[in-house]
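Structure, as structure tokens:
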There are 2 protein chains.
Amino acid sequence: MLEQACQQAGLKLTHQRLEIFSELAASTDHPSAEALHRRLRQRMPTLSLDTIYRTLASLEENGLITRVKTGESQARFEAEQRQHHHLVCERCHEIIDFQWQTFDDSVLPDEILQWGKIKNKNAILHGVCKKCLDSV
Amino acid sequence: MLEQACQQAGLKLTHQRLEIFSELAASTDHPSAEALHRRLRQRMPTLSLDTIYRTLASLEENGLITRVKTGESQARFEAEQRQHHHLVCERCHEIIDFQWQTFDDSVLPDEILQWGKIKNKNAILHGVCKKCLDSV
DNA sequence: CTATGTGCAAAGCGTTTGCGACGGT
DNA sequence: ACCGTCGCAAACGCTTTGCACATAG
């Protein structure tokens, strides 16, 4: 999958790109660049944080990964490209993916349809997860 | 309005706070700290950017304004506190507010209701506005 | 009069970039 | 051998902070 995409985009399939992508694809917690760096460093001790940033940027440009817009200072990433929504714990910053067919099917207000071209619509929920509620 | 809120929060009602808040309340374009600074500097030449940041932070803490989570590097702010949603042009970064009653009324998937305590749910749309579509 | 807020300048943080060395094709 | 990529270190932009003075209550 990554292989074809890289070829298509004229990107070389390097060891670093492969590892960064597969680590992200295996993660469900929407890691930050730093978090990925910490994890990958164990297998690849010389991997630099800069390379993570550069790789994430080029994978994003090619639509292979997504930068999750949380509004926090650190950017978070995901490999999941199917339509889904996010639920963010404002205490521990955990991010959960979920499906919501009712939302996907619902029609936008008329005024919006005339605004321009809508590329995507997503729901974002904020709250406090059970773990954080319990640990008070 | 700001007056009561400041009293309640134990904040002094300074000239700067008043001007920053009223400028933001009068803006519909979700300005950044820098944008506010540029606008206010004309009336208040000595107003520093730091004060804008500090003031926005304390107003936000007290629920008087909201930091809009766009995922861009610069934070954007709004004074509107009624439930509403955002539509972002990915070309010119314009942010439009809109109402969407159907969404507000719709019920969340069961799995989500068990996750913890949901504080708010919002829709965020991305696309390209007419102005940007035309100017290509 | 006292506690808070302000302006200034300097530091902080996540992220990006210029450079020379490295490695895939 | 060539061009893209990597690691290093230094720069960057936005935001935050320590300090001394000013100001609201």
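Throughout, protein chains are lettered first and strands after them, A, B, ... in sequence-line order, and every chain is numbered starting at 1. Owing to the predicted nature of the structure, the values given are computational and were not obtained by experimental measurement. Computed from heavy atoms alone, side chains included, the values below leave out hydrogens, waters and symmetry copies.
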D:dC14, D:dC6, C:dT6: which one has an atom nearest the side-chain heavy atoms of B:Ser73? D:dC14
State which of D:dT5, C:dG7, C:dT15 makes the closest approach to the side chain of A:Leu11. D:dT5
Is the phosphate of D:dG7 approached by A:Gln16 (side-chain N or O, under 4.0 Å from OP1 or OP2)? yes
side-chain N/O B:Thr51 vs C:dG7 OP1/OP2, d < 4.0 Å: yes
Please list residues of residues 29-41 of chain A whose heavy atoms come under 4.0 Å from any atom in DNA chain D, ordered by number; otherwise none. none
Upstream residue (5' side of DNA chain C) when B:Thr46 and A:Ala75 are each assigned their closest nucleotide: B:Thr46
Does any donor atom in the side chain of [X] or [Y] lie under 3.5 Å from an acceptor atom in the other side chain?
X        : Y        : answer
A:Asp104 : A:His85  : yes
B:Ser27  : B:Arg39  : yes
B:Gln81  : B:Thr66  : yes
A:Asp110 : A:Gln114 : no

Side chains of [X] and [Y], heavy atoms from C-beta outward: is any pair under 4.5 Å?
X        : Y       : answer
B:Thr70  : B:His86 : no
B:Gln8   : B:Gln4  : no
B:Cys129 : B:Cys92 : yes

Rounded to whole Å, please give me the gap between CD in A:Gln74 and P in C:dG12. 17 Å
Could you tell me, to 10°, how much the axis swings from one end of the helix from C:dC1-D:dG25 to C:dT25-D:dA1 to the other, five pairs per end? 40°
Looking at A:Arg38, A:Gln42, A:Arg43, A:His37, which hits side-chain contact (heavy atoms from CB on, under 4.5 Å) with A:Leu40? A:Arg43
If a protein heavy atom is under 4.0 Å from the base, mark B; if only from the sugar-phosphate, S; if neither, -; do that for nucleotides 17-25 of chain C going 5' to 3'. BB----BB-
Check whether A:Arg76 reaches the backbone of A:Asp29 with its side chain - one donor and one acceptor, N or O, closer than 3.5 Å. yes
Membership question, hydrophobic clusters at under 4.5 Å side-chain separation (ILVMFWY): are B:Ile96 and B:Val88 in the same one? no
So A:Phe98 and A:Trp100, would you call those rings parallel, tilted or perpendicular, with 30° and 60° as cut-offs? tilted
Would you mind classifying the nucleic acid contact of B:Ala57 as base, sugar-phosphate or nothing, using non-hydrogen atoms under 4.0 angstrom? nothing
